[in-house]
Amino acid sequence: MSLVKPTRQRGSEMMIDQVDVDLGARSYAVRIGAGLLGAASAEIVPILRRPKLWVVTEENVAALHLLPFQAGLQAAGVTVSALVLPAGESTKGWPQFTRTVEWLLAEKVERRDLIVALGGGVIGDLVGFAAAVLRRGVRFVQIPTSLLAQVDSSVGGKTGINSVHGKNLIGAFHQPVLVLADTQVLQTLPPRDLLAGYGEVVKYGLLGDANFFGWLEQNGPALAARTPAILQEAVRHSVAMKAAIVARDETEEGERALLNLGHTFGHALEAATDYSARLLHGEGVAIGCALAFDLSARLGLCPQETPSRVRAHLVQMGMKADLSDIPGDLPDADGLLALMAQDKKVQDGRLRFILAHDIGQAFVTDAVDPTVVRTLLKDALAR
Ligand code: GLY
């Protein structure tokens, strides 16, 4: 896979990697480095059209990162207004979305203004969607504070909220104008959140880059120990892979669906656990990746030993790798299949899966017999 070439700059004391998302007039930079949050004014002030900024965040992130972010911009003469939403996946629905849009309108945010999403995937998706529909489209900056958001959800312009019918079913493509991924903030993440985000990092190796997966097998423990250079390289490489795919297929007509490796199973598991703390999104993706390789091997599409290698790495990292790692009861195989049928990738009633010929060789298919999936789920539930 050819990667977008990142550029590396030495700031005053910061090493900043830059990955460009090449989308013509809607191109933007993803800047990656430890300490970017405190230096955000240097990144953002040049793209402001008046010295005012609106930041939407959530209470946990606000407690750690809002004041330093605001202070830098205020020192540069920018007025910063903030809306702090409740933390958690349940924020990503109509009530907090409506609250955000109405707050931005009450604040008289204009079309040429800039909104900042400061937080993890919930905030990035919700604020991006608010920016997409506010006055038919306002510019926004993503400042992702979780590993999951830095490597996946803040890049590529997918925005949205959840419906009672399923996750991310209401939304729009709306690209940010800038992404600032401060890898230093990953030092403050709870270990479980860091590992859940790592599920999305592993996904990149599994879907398109066996060498990267090998690098993760070597360096995963150092990443879990939050070695700064390893964290930065993992984020940079993941973002470079995503940027290359998004540049070729922005609206998921084809190749971008590969980024959903593990998600058909993962979303069903999240729905089965009521999007609760029983299973975080990245944990569902990691288990889903293992199941996707199980299915690939069962269909004779990939070597029989590959699923064990995938699972061994997840276990080495202390991650959930099996259905039995999810606390509490799960629906039976038919119940899980019914939840999978809500997936956005369903076409003409047929489930589409991301399967793989081997590590780094994923592909999309809708030619999977549901009875094979049912048997696979039955076996996985019995393990
Ligand atoms: N998270 C999958 C995508 O952005 O396409």
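All values derive from a computational prediction rather than experimental measurement. Ligands are counted one by one from 1 in listed order, and the atoms in each one are counted from 1 as well.
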Parallel, tilted or perpendicular, judged at 30° and 60°: which one describes the rings of Phe212 and Trp215? parallel
For Ala42, the side-chain contact (heavy atoms from CB on, under 4.5 Å) test, sequence neighbours excluded, returns none
To which residues is Leu67 joined in a hydrophobic cluster, defined by side-chain heavy-atom contacts under 4.5 Å among Ile, Leu, Val, Met, Phe, Trp and Tyr, whether direct or through other members? none
Taking only residues at least two apart or on different chains, which pairs with a member in residues 85-98 satisfy side chain to side chain donor-acceptor pair (under 3.5 Å)? Glu89-Asn162, Glu89-Lys167, Lys92-Asp125, Lys92-Asn168, Gln96-Arg99
Residues Lys203 and Leu261: closest non-hydrogen pair is CD-O, 3.8 Å
Under a 3.5 Å threshold, I'd like every N/O contact between ligand 1 and protein atoms, with atom names and distance.
from	atom 1	to	atom 2	distance (Å)
ligand 1	1 (N)	Asp152	OD1	3.2
ligand 1	1 (N)	Asp152	OD2	2.9
ligand 1	4 (O)	Lys242	NZ	2.5
ligand 1	4 (O)	Arg256	NH2	2.8
ligand 1	5 (O)	Lys158	NZ	2.9
ligand 1	5 (O)	Arg256	NE	2.7
ligand 1	5 (O)	Arg256	NH2	3.3

Atom OG1 of Thr251 and atom CZ of Arg256: how far apart are they, to the nearest 0.5 Å? 8.5 Å
